[in-house]
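Accompanying notes for the structure given below.
When a ligand or atom number is given, it counts from 1 through the structure's own listing order. Position 1 is the first residue of the sequence, and the numbers go up from there.
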Amino acid sequence: MKSILSVAVVAGSWLLLIAPVQAAGGNVAAGQAKAAVCAGCHGADGNGGADPLWPKLAGQDADYITKQLADFKEGRRKDPIMAGMVANLSKTDMKNLGAFYASLKVKSGAARDAPLAKLGEKIYRGGNAKMGVSACISCHGPTGHGIPPRFPKVSGQHAAYTKKQLLAFKAGTRANDGDIMTRIAFRMAEQEIKAVSEYMAGLH
Ligand code: HEC
Ligand code: HEC
C-alpha cells in the first residue's frame, strides 16, 4: 500500500515537471514571441534601451505588468508611445508578456550622485513625517522588490524614468494607482522626488 502511494506521488511530481512554463497564468514562450516589437525600447533582456525614459521590465511582477498594459489600452494610464504598442494586444497576450518579463533578470543600476542618494535613502526608509509623506519601504520593501501583485518592484530602475513617474503622480497625470501614489507624490518636493529616484536606481 505504502509503495503504491509513493509511486503515485512520484508520478505526480513528474507531471508538474513536464507542465509548460507558466507564471501567474501567463506563458513565458508565447510572451517572448510577442515581445519582439518591444525589444527596441525595453531591451531583448528587459533591461531597457538607449533612453533612460524607457523603463526596465526585467524581474517586474507579472501581474503588475499585465495591469499596466491593460491600463494603457483602456486609457487609465496615458502615454502616446505605449498606447500604440498595446492597441492590438489581447488579455492573453498581456498575461504572457507579464510572465515573460517577470522571468528575466534585472541588471542592477547605480546611484551616480552620492549626497543626493543619501537624502533619497532617508525618504525611502523614513518618509517625511512633517509633510505626511509615507515611507516607501512599507510598500516597496527594504530592497525595493515590492509586494506582489499590488506594490511593484522599484529597485534598479533608471532614475530618469522613476522621476518622470513620480512627477506624473504628483501632477495627477498618472492616476492609475488607486489614489495611493498620487497622494504620496503630491506632498513631495521636487528635490525629494529627484533624491529618492536616484537612491532607488542603486537599490537592489
Ligand atoms: C518606442 C519605444 C517603446 C516600445 C517599442 C515599447 N515601449 Fe513600453 N514603454 C515605453 C515608454 C517610453 C514607457 C514609459 C511610459 C511612461 O512614461 O509612463 C513604457 C512603459 C511600459 C510599461 C510600464 C512599466 C512600468 O514599470 O510601469 C510596460 C509594462 C511596457 N512599457 C511594456 C511594453 C511592451 C509589452 C511592449 C511591446 C508590446 C512595449 N512596451 C513596447 C516605450 C516603449
Ligand atoms: C501604501 C503603499 C505605497 C507606498 C507607501 C508607496 N507606494 Fe509607490 N506604489 C504603490 C502602488 C500601489 C503602485 C502601483 C500603481 C499602479 O498600479 O500603477 C506604486 C507605484 C510606484 C512607482 C511606479 C513604478 C513603475 O514601474 O512605474 C514608483 C516609482 C513608486 N511607486 C515610488 C514610490 C516612492 C518613491 C514612495 C515613497 C515616497 C512610494 N512609492 C510609496 C504603493 C505605495
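Close approach to Cys139 involves these atoms of ligand 2, each under 4.0 Å from a residue heavy atom: 1 (C), 2 (C), 3 (C), 4 (C), 5 (C), 43 (C). Of all the atoms in ligand 2, the ones that sit under 4.0 Å from a non-hydrogen atom of Ile184 are 4 (C), 5 (C), 6 (C), 38 (C), 41 (C). Atoms of ligand 2 lying under 4.0 Å from any heavy atom of Ser134, numbered from 1 in the order shown and given with element: 5 (C), 37 (C), 38 (C). Using a 4.0 Å cut-off to heavy atoms of Asn176, the atoms of ligand 2 that qualify are 16 (C), 17 (O), 18 (O). The Ile65 neighbourhood of ligand 1 comprises atoms 29 (C), with distances under 4.0 Å to a heavy atom of that residue. Near Ser138, with a cut-off below 4.0 Å to any heavy atom, the atoms of ligand 2 are 5 (C). Against a heavy-atom cut-off of under 4.0 Å, Ile180 is close to the following atoms of ligand 2: 1 (C), 2 (C), 3 (C), 12 (C), 42 (C), 43 (C). With ligand atoms numbered from 1 in the order given, ligand 2 contributes 16 (C), 17 (O), 18 (O) to contacts under 4.0 Å with heavy atoms of Gln68. Near Ala135, meaning under 4.0 Å from any of its heavy atoms, are these atoms of ligand 2: 5 (C).
Within the protein, the number of N/O/S atoms found under 2.8 Å from atom 8 (Fe) of ligand 1 is 2.
Protein heavy atom nearest atom 29 (C) of ligand 2, with residue, atom name and distance: Thr162 CG2, 3.6 Å. Taking atom 15 (C) of ligand 2 as the reference point, the nearest protein heavy-atom neighbour is Asp177 CB, 3.5 Å. For atom 32 (C) of ligand 2, the nearest non-hydrogen atom of the protein is Met181 CE, 3.5 Å. Ranking protein heavy atoms by distance to atom 28 (C) of ligand 2, first place goes to Val154 CG1, 3.9 Å. Summary of contacts: the protein heavy atom closest to atom 24 (C) of ligand 2 is Tyr64 OH, 3.6 Å. Looking at atom 37 (C) of ligand 2, its nearest protein heavy atom turns out to be Cys136 SG, 1.9 Å. In this structure, the protein non-hydrogen atom closest to atom 22 (C) of ligand 1 is Phe72 CE1, 3.7 Å. Of all protein heavy atoms, the one closest to atom 18 (O) of ligand 1 is Arg77 NH2, 2.9 Å. Protein heavy atom in closest approach to atom 16 (C) of ligand 1: Gln165 NE2, 3.3 Å. Counting protein heavy atoms only, atom 17 (O) of ligand 1 is closest to Lys164 NZ, 2.7 Å.
At a threshold of 2.8 Å, atom 8 (Fe) of ligand 2 has a backbone or side-chain N, O or S atom of His140 nearer than that distance.
Residues Asp113 and Lys194 fail the side-chain proximity criterion, which asks for heavy atoms closer than 4.5 Å. Taking the side chain as every heavy atom from C-beta outward, Asn176 and Gln68 approach each other to under 4.5 Å. With a 4.5 Å cut-off on side-chain heavy atoms, Asp79 and Met85 do not count as touching. Side chains of Met94 and Lys73 form a contact here, defined as non-hydrogen atoms less than 4.5 Å apart. Annotation: side chain of Pro55 is not in contact with side chain of His158 (no heavy-atom distance under 4.5 Å).
For Gln157, the closest heavy-atom approach to ligand 2 does not fall below 4.0 Å. Taking a 4.0 Å cut-off on heavy atoms, Arg174 registers as neighbouring ligand 2. Remark: distances from the non-hydrogen atoms of Lys78 to ligand 1 are all 4.0 Å or more. By the 4.0 Å heavy-atom criterion, Ala185 is excluded from the residues contacting ligand 2. Distances from ligand 2 to the non-hydrogen atoms of Tyr161 include at least one value under 4.0 Å.
Considering CG of Leu89 and SG of Cys38, their distance stands at 7.5 Å, rounded to 0.5 Å. The CG atom of Asp61 sits 11.5 Å away from the NZ atom of Lys67 when rounded to the nearest 0.5 Å. The structure places OG1 of Thr143 at 7.0 Å from NZ of Lys153, a figure rounded to the nearest 0.5 Å. Taking CD of Glu190 as the reference point, atom NZ of Lys170 lies at 6.5 Å (rounded to 0.5 Å).
Both Leu57 and Leu104 are assigned to one and the same hydrophobic cluster, defined by single-linkage of ILVMFWY side chains at heavy-atom distances under 4.5 Å. Hydrophobic cluster membership is shared by Val28 and Tyr101, with clusters built from Ile, Leu, Val, Met, Phe, Trp and Tyr side chains linked at under 4.5 angstrom. Under the 4.5 Å side-chain contact rule for hydrophobic residues, Phe100 and Trp54 do not share a cluster.
Checking Thr66 against Asp63 by side-chain atom types alone, no donor-acceptor pair falls below 3.5 Å.
The environment of Arg150 atom CZ is sparse: at most 12 non-hydrogen atoms of other residues, nucleotides or ligands sit within 6.0 angstrom. Few gaps surround CZ on Arg125; more than 12 heavy atoms of other groups in view lie less than 6.0 Å from it.
Hydrophobic cluster of Met200: the remaining members, joined at side-chain heavy-atom separations below 4.5 Å, are Leu119, Ile123, Tyr124, Met131, Val133, Ile137, Ile147, Phe151, Val154, Leu166, Leu167, Phe169, Ile180, Met181, Ile184, Met188, Ile193, Val196, Tyr199, Leu203, listed by chain and number.
No part of Asp51 comes within 4.0 Å of ligand 1, judged by heavy-atom distances. With a heavy-atom cut-off of 4.0 Å, Pro152 touches ligand 2 through its side chain alone. Of all the heavy atoms of Ser197, none lies under 4.0 Å from any atom of ligand 2, so neither backbone nor side chain is involved.
Smallest separation of non-hydrogen atoms from Ala135 and Gly126: CB-C, 3.8 Å.
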(request) Decide yes or no on side-chain contact (heavy atoms from CB on, under 4.5 Å) for Arg187 and Arg183, but give the supporting numbers first. (result) CA-CA 7 Å; Arg187 298 187 169 97; Arg183 280 173 196 240; 4.2 Å; yes
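With hydrogens and angles ignored, the 3.5 Å screen pairs a side-chain donor or acceptor of Asn47 with a backbone N or O of Lys105.
Considering Asn96, Leu97, Asn27 in turn, Leu97 is the only one that fulfils the side-chain contact (heavy atoms from CB on, under 4.5 Å) rule with Lys34.
Some N or O of Lys67 is nearer than 3.5 Å to an N or O of ligand 2, by distance alone.
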